[in-house]
Each structure stands twice: as C-alpha cells, then as structure tokens.
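Structure record follows, encoded as structure tokens.
Side chains included, hydrogens not; waters and symmetry mates left out as well; all remaining heavy atoms used.
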Amino acid sequence: MEHSATTTPAAGLGAWLRRRMWLVDALVAAAVFGYNLPLVPFYAHSPASTAAVLLVSAALCAPYPWRRRYPLPVLGLLLVAACTQLLLGAWVLPADAMLLLSLYNVATSHPWRVSLAGAAATIGWLLVAVLPRLHTDFLDLGELGALVLLTLWAWTWGTLVRIRRQYIAGLRERAEQAERERESQARIAVAEERARIAREIHDIVSHGLGAMVVLSDAAAA
C-alpha cells in the first residue's frame with residue numbers, strides 16, 4: 001500500500017503530461033524563442049530588420065506545438081520561415097534549431113523516403129545559409145560539417161524510433177492475434193467437450209430407456 005501511495009502521484013503526473021504533450025512542445029518553443037530573443041539585434045542592421053528577424057524567429061517557434069498532429073506541414077512552414085530569414089540577410093539563428101526537432105518528428109511519423117526529402121531540404125537550406133559566409137568569421141568548414149552531421153543524426157534517430165515503434169506494434173499485434181487464437185481454440189474445446197458430454201448423456205439415457213423397455217416386456221410376459 002505504501003509503494004502504491006508513493007508511485008501514484010508520479011504516474012498521475014505522467015498520464016497528465018501524455019494527454020497534454022502540446023503543452024510540453026509549447027514550453028520548448030517558448031524556451032528556444034526566449035533564448036533567441038536577446039540575440040536578434042546581432043543579426044539585424046536596423047530597427048526594421050530587427051523587427052523582421054524577430055517575426056521570423058517567432059515563425060520558427062510558433063508552429064512547433066502542432067508538430068505531432070501535422071509534422072510535415074510544420075517542417076514546411078519552418079523551412080519557409082528559414083528561407084525568409086536568409087532573404088532578410090540574417091545568418092543561422094538559434095531558433096533554427098527547431099528545424100532539427102521538426103525533422104526528427106517527421107522521421108518518426110513518415111516513411112524514410114518522405115523524411116529523407118525533408119532532411120535533404122534542411123541540409124540544402126543549411127548549405128545555402130553557410131557557404132556564402134564560409135570564408136568569413138561566421139562558420140568554418142568543420143562547424144558546417146558538424147551541423148550537417150547533426151541534421152543527419154536527427155533524421156537517423158527519428159527513423160530508428162519509427163522502426164522501433166513499428167516493431168513494437170507488430171509484436172503487440174501478433175500477441176493480440178495469438179490471444180484471439182487461444183480464446184478461439186478454448187471456445188472450440190469447450191464446444192467439443194459439451195458435444196461429447198451430450199453424446200454420453202444421450203447414450204446413457206438411450207441405454208436406460210432400452211433397459212426399461214426390456215424389463216417392462218419381461219414383466220408383462
């Protein structure tokens with residue numbers, strides 16, 4: 001009883017969070033946006049561009065809470081916002097990390113052909129963002145390679161999670177099918193046993209009636 005009392009609140013909190021995962025995603029998006037916010041002036045050159053980069057940062061974070069319901073559209077919106085960011089002259093923002101999180105989610109929920117296209121689009125955007133500034137103090141070749149590997153790692157991790165979920169779902173389905181087969185075999189065995197008992201009762205009753213008829217005929221004789 002004491003063990004149940006100590007584990008019930010944690011289990012209840014876990015179940016509450018599982019029903020409201022959008023809230024967790026919203027907190028993640030808010031944390032990334034909050035970290036990105038004081039850095040926005042370093043990526044802009046005027047008050048107007050500062051406001052524009054701020055809006056782009058919000059566009060990179062705001063769709064994230066819908067990533068579980070609409071993973072592919074969310075990644076598409078983030079890529080559009082990231083491309084707009086490049087048009088504004090801003091290089092890689094901390095809020096661009098949302099691309100990796102969304103790519104991971106796409107890889108967990110879509111076939112590898114679809115998610116691989118999302119990974120290729122993300123890497124393509126990264127190359128367009130970094131290569132023109134590669135020989136400046138922005139990023140060097142090693143850091144670019146690390147970002148590409150990080151993107152591939154997010155895609156690979158999500159793909160492995162999807163494969164594992166499919167494997168577990170297959171095991172669960174086979175277990176349920178085996179349970180249904182066992183129940184069906186049990187019902188068949190019960191029906192056969194009832195039929196056997198009915199046949200035995202029928203034989204006993206028939207034998208008893210036959211004996212009574214013979215005794216009746218003998219008594220009459």
Side-chain angles (χ1 to χ4, degrees), residues 21-40 42-44 49-50 52-166:
M21 288 305 297
W22 63 268
L23 181 58
V24 177
D25 294 337
L27 292 175
V28 171
V32 173
F33 181 76
Y35 178 80
N36 184 88
L37 187 59
L39 301 176
V40 168
F42 294 99
Y43 297 89
S49 61
T50 300
V53 173
L54 183 62
L55 289 176
V56 168
S57 301
L60 286 167
C61 298
Y64 188 72
W66 286 272
R67 68 182 180 95
R68 300 176 190 274
R69 183 174 298 182
Y70 310 106
L72 203 57
V74 166
L75 179 60
L77 289 174
L78 296 188
L79 285 171
V80 170
C83 291
T84 304
Q85 161 193 329
L86 297 182
L87 294 177
L88 294 174
W91 53 80
V92 179
L93 295 168
D96 293 325
M98 306 304 290
L99 286 170
L100 299 181
L101 299 177
S102 298
L103 176 61
Y104 161 79
N105 192 243
V106 169
T108 61
S109 57
H110 287 76
W112 69 269
R113 293 178 181 85
V114 177
S115 61
L116 185 59
T122 304
I123 292 175
W125 172 86
L126 182 62
L127 295 176
V128 171
V130 174
L131 285 177
R133 300 180 175 87
L134 194 59
H135 300 292
T136 63
D137 294 333
F138 177 55
L139 288 174
D140 58 27
L141 189 60
E143 292 170 333
L144 174 60
L147 290 175
V148 171
L149 289 177
L150 185 61
T151 304
L152 291 175
W153 175 78
W155 175 78
T156 303
W157 183 23
T159 301
L160 292 177
V161 169
R162 178 180 59 82
I163 293 173
R164 179 177 177 273
R165 288 176 180 174
Q166 290 178 345

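Annotation for A129 and V92: closest pair CB-CG2, 4.2 Å, computed over non-hydrogen atoms. Across every non-hydrogen atom of S115 and L103, the tightest pair is O-CD1, 3.9 Å. For A95 against V32, the heavy-atom pair with the smallest separation is CA-CG1, 3.8 Å. A81 and L60 make their closest contact through CB-CD2, 3.8 Å (heavy atoms, listed as atom of the first residue, atom of the second, distance). The shortest non-hydrogen separation linking A58 to P63 is O-CD, 4.4 Å. Between A119 and T151, the shortest heavy-atom contact is O-CG2, 4.4 Å.
In this structure, L86 and W125 have side chains that are in contact, with non-hydrogen atoms separated by less than 4.5 Å. A 4.5 Å side-chain heavy-atom check between L126 and T122 finds every atom pair outside the cut-off. By the 4.5 Å heavy-atom criterion applied to side chains, N105 and Y70 are not counted as neighbours. Residues L131 and L144 meet the side-chain proximity criterion, which asks for heavy atoms closer than 4.5 Å.
For R68, the CZ atom is densely surrounded, since the number of other residues' heavy atoms within 6.0 Å is greater than 12.
How far CG of L93 is from CE of M98: 12.5 Å, rounded to the nearest 0.5 Å. Residue C61 holds its SG atom at 9.0 Å from CG of D96, rounded to the nearest 0.5 Å.
Looking at V106, L101, T108 one by one, the single match for side-chain contact (heavy atoms from CB on, under 4.5 Å) with Y104 turns out to be T108.
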F33/L54 under side-chain contact (heavy atoms from CB on, under 4.5 Å): CA gap, chis, key distance, verdict | CA-CA 9 Å; F33 181 76; L54 183 62; 3.8 Å; yes
Should I123 and L127 be marked as a side-chain contact (heavy atoms from CB on, under 4.5 Å) after you check the CA-CA gap, both sets of side-chain angles, and the distance that decides it?
-> CA-CA 6 Å; I123 292 175; L127 295 176; 4.2 Å; yes
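In this structure a side-chain-to-backbone donor-acceptor pair under 3.5 Å is missing from S102 to L99. Between the side chain of R162 and the backbone N or O of H110 there is at least one donor-acceptor pair closer than 3.5 Å.
Evaluation of the salt bridge (charged side-chain N to carboxylate O under 4.0 Å, His left out) rule for R165 yields no partner, not counting sequence neighbours.
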